[in-house]
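Structure, as C-alpha cells:
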Amino acid sequence: MGGKRFIQILDATLRDGSHPLRHQYDADTLSRIASYLERANVPYLEVCHGDGLGGSSLHFGKGRLTDEEAISTVKAAAQQVNIAALLLPGVGRLADLEQAVQTGIGTIRIATLASEADLAHRYIHKAADLGIEAFGFLMLSSTCSPQQLLEQARKLEAFGANAIYIVDSTGAMAMDEVRTKVSLLRRYISIRIGFHGHNNLGLAVGNSLAAVEEGADLVDGCLAGFGAGAGNAPTEVLAAVLHKMGYETGTNAGILLQAADDMLKQVMPAPQFIERGALALGTLGIRGSSLFTTLPLLGKYGIDVRDILSQLVTEGSDALSIEALADEYLIKQSNGSPVVRSRETKGSGPHFH
C-alpha cells in the first residue's frame with residue numbers, strides 16, 4: 001500500500017516516558033514538551049501516569065503530579081492538541097475517566113491484554129456518553145495469533161471503539177508478524193487501526209512503517225524514543241521516515257528534532273538504548289505475569305533478573321521456562337551457592353504498554 005496517505009502520529013512521551021522517570025515528571029517539563037509538540041502540529045499527545053489513569057500507587061509507583069494536575073498543565077500549554085490518556089480496567093475507574101474528561105482529554109485509550117477485549121466494553125460506552133473518542137489498546141498483541149487478534153478487534157468495533165491498536169508491549173514482534181496482523185484487521189475491520197511499538201529488537205520504527213504499509217493510519221512514538229523498557233519509536237525519526245516514504249503527517253520534523261534534543265539534554269537520565277535484559281524480553285516475548293510472581297523475589301537475594309533472561313536466550317529456552325529457572329536461582333541462594341550480584345539500574349522495572 002503506498003503513496004501520500006495521511007498518517008497521524010500520537011506522541012506518548014508524557015505517558016510512556018514516565019516509566020523510566022519513575023513517574024516524576026514535573027509541571028515545567030510537561031508544559032515545555034507539550035508546547036513543542038503543539039508547535040510541531042502533532043495531532044495527539046498522551047499524558048497521565050505511566051500505568052494509566054489511577055496508576056499512581058505504591059504498587060505502580062506514586063506520581064509527582066496527579067493525573068488531573070498533569071492533564072491540566074498540558075492542556076494549558078497545548079490547547080490545539082487532542083489530549084489523550086490511557087486507562088487499564090481495574091487500575092483506572094469510570095470515575096477517573098470522568099474526571100479526566102472534565103480536566104480536558106479528548107481521547108481515551110482502553111488498554112487490555114490482547115485476549116481480554118471484553119474488559120473494555122463499559123469504558124468504551126462511557127467514553128461515548130462523555131462525548132470523547134475511545135481507542136481499544138490490545139497489549140501484548142504478540143501473544144495472540146492473527147485470527148485471535150481479529151476476534152478481539154471485532155469485539156472492540158462492536159462495542160463502539162473509534163480505533164483499534166495493535167500493541168507490541170514487549171517489542172517481540174518482527175515485521176512479517178506486524179504485516180500479517182495489520183493486514184488481516186484491515187481486511188475485516190472498518191474503523192481506524194493503530195500501532196504502538198517498543199524497541200526491544202530495534203524494530204519499533206520498522207514495525208510502525210510495516211503497519212502503515214498494511215493499512216494502519218495511527219502510529220505512536222516518543223521523543224528520542226524515551227519510553228518503558230527499550231523505549232519506543234522516536235517520534236522525530238518516525239515523522240522523518242514517513243515523510244521520506246511519501247506519507248503525509250502534517251508534523252514539523254524540525255521542531256520535533258528540537259523537542260528530542262530538549263529531552264536528551266534536560267529530561268532523560270541517559271540516551272535510550274537496548275540493554276541485554278530488554279533484548280531478552282523482546283527475544284522471548286515474555287508475558288508480564290512471569291515478571292510479577294517469582295522474579296521480583298530475586299532482587300531480595302541480589303540476583304540480576306537480566307542474567308536469567310539472557311540465560312534463557314542463550315539456551316534457546318522459551319518464556320515458560322522462566323519460573324523454573326528463577327526457582328533454581330533461589331534454591332542455589334538458599335543453599336549458599338554463588339549467585340550473580342545485582343547491579344544498580346535506573347528506572348522502575350519492566351512495563352508492558
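When a residue number appears, it is its place in the shown sequence, counting from 1.
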Exercise. With a 3.5 Å cut-off and no angle check, do the side chains of S18 and H23 form a donor-acceptor pair?
Worked result: yes
Problem set entry | Modelled atom types, side-chain donor and acceptor of N41 and T251, under 3.5 Å | no
Problem set entry | Charged N-O contact under 4.0 Å between D118 and K155 | yes
Exercise. Are any of the side-chain heavy atoms of T235 and I9 separated by less than 4.5 Å?
Worked result: yes
For this session: Please tell me if the side chains of I255 and L37 come closer than 4.5 Å, counting only heavy atoms from C-beta onward.
Result: no
Between the side chain of [X] and the main-chain N/O of [Y], is any donor-acceptor distance below 3.5 Å?
X	Y	answer
S115	L113	no
T103	Q99	yes
R186	I189	yes
S141	L138	yes

Seminar exercise, completed: Between M173 and D168, the two heavy atoms sitting closest are N-OD2, 3.1 Å
Exercise. Which atom pair, heavy atoms only, marks the closest approach of A78 to E38?
Worked result: C-OE2, 3.3 Å
Results of side-chain contact (heavy atoms from CB on, under 4.5 Å) for [X] - residues two or more places apart only:
X	answer
V91	F60, L88
A134	I108, I124, A127, N162
A216	V182, I193, A211

[X] side, atom [atom1]; [Y] side, atom [atom2] - distance, nearest 0.5 Å:
X	Y	atom1	atom2	answer
T66	I71	OG1	CD1	8.5 Å
Q152	Q147	CD	CD	11.5 Å
E177	K181	CD	NZ	3.5 Å
I110	H121	CD1	NE2	12.0 Å

By side chain to side chain donor-acceptor pair (under 3.5 Å), which residues pair with [X], not counting sequence neighbours?
X	value
R39	none
S208	none
R179	E213, E214
N252	none

Exercise. Can we call the ring centroids of H196 and Y165 under 6.0 Å apart?
Worked result: no
Just to verify, what does [X] make a salt bridge (charged side-chain N to carboxylate O under 4.0 Å, His left out) with, not counting sequence neighbours?
X	value
E98	K126
E133	none
D220	R109
D26	R64

Donor-acceptor pairs are to be reported for all side-chain atoms of residues 237-245 against protein atoms at under 3.5 Å, with residues two or more places apart or in another chain.
from: H243; atom 1: ND1; to: A239; atom 2: O; distance (Å): 3.3
from: H243; atom 1: NE2; to: T249; atom 2: OG1; distance (Å): 2.5

Problem set entry | V205 with V212, same ILVMFWY side-chain cluster at under 4.5 Å | yes
Problem set entry | Y188 OH: over 12 foreign heavy atoms closer than 6.0 Å | no
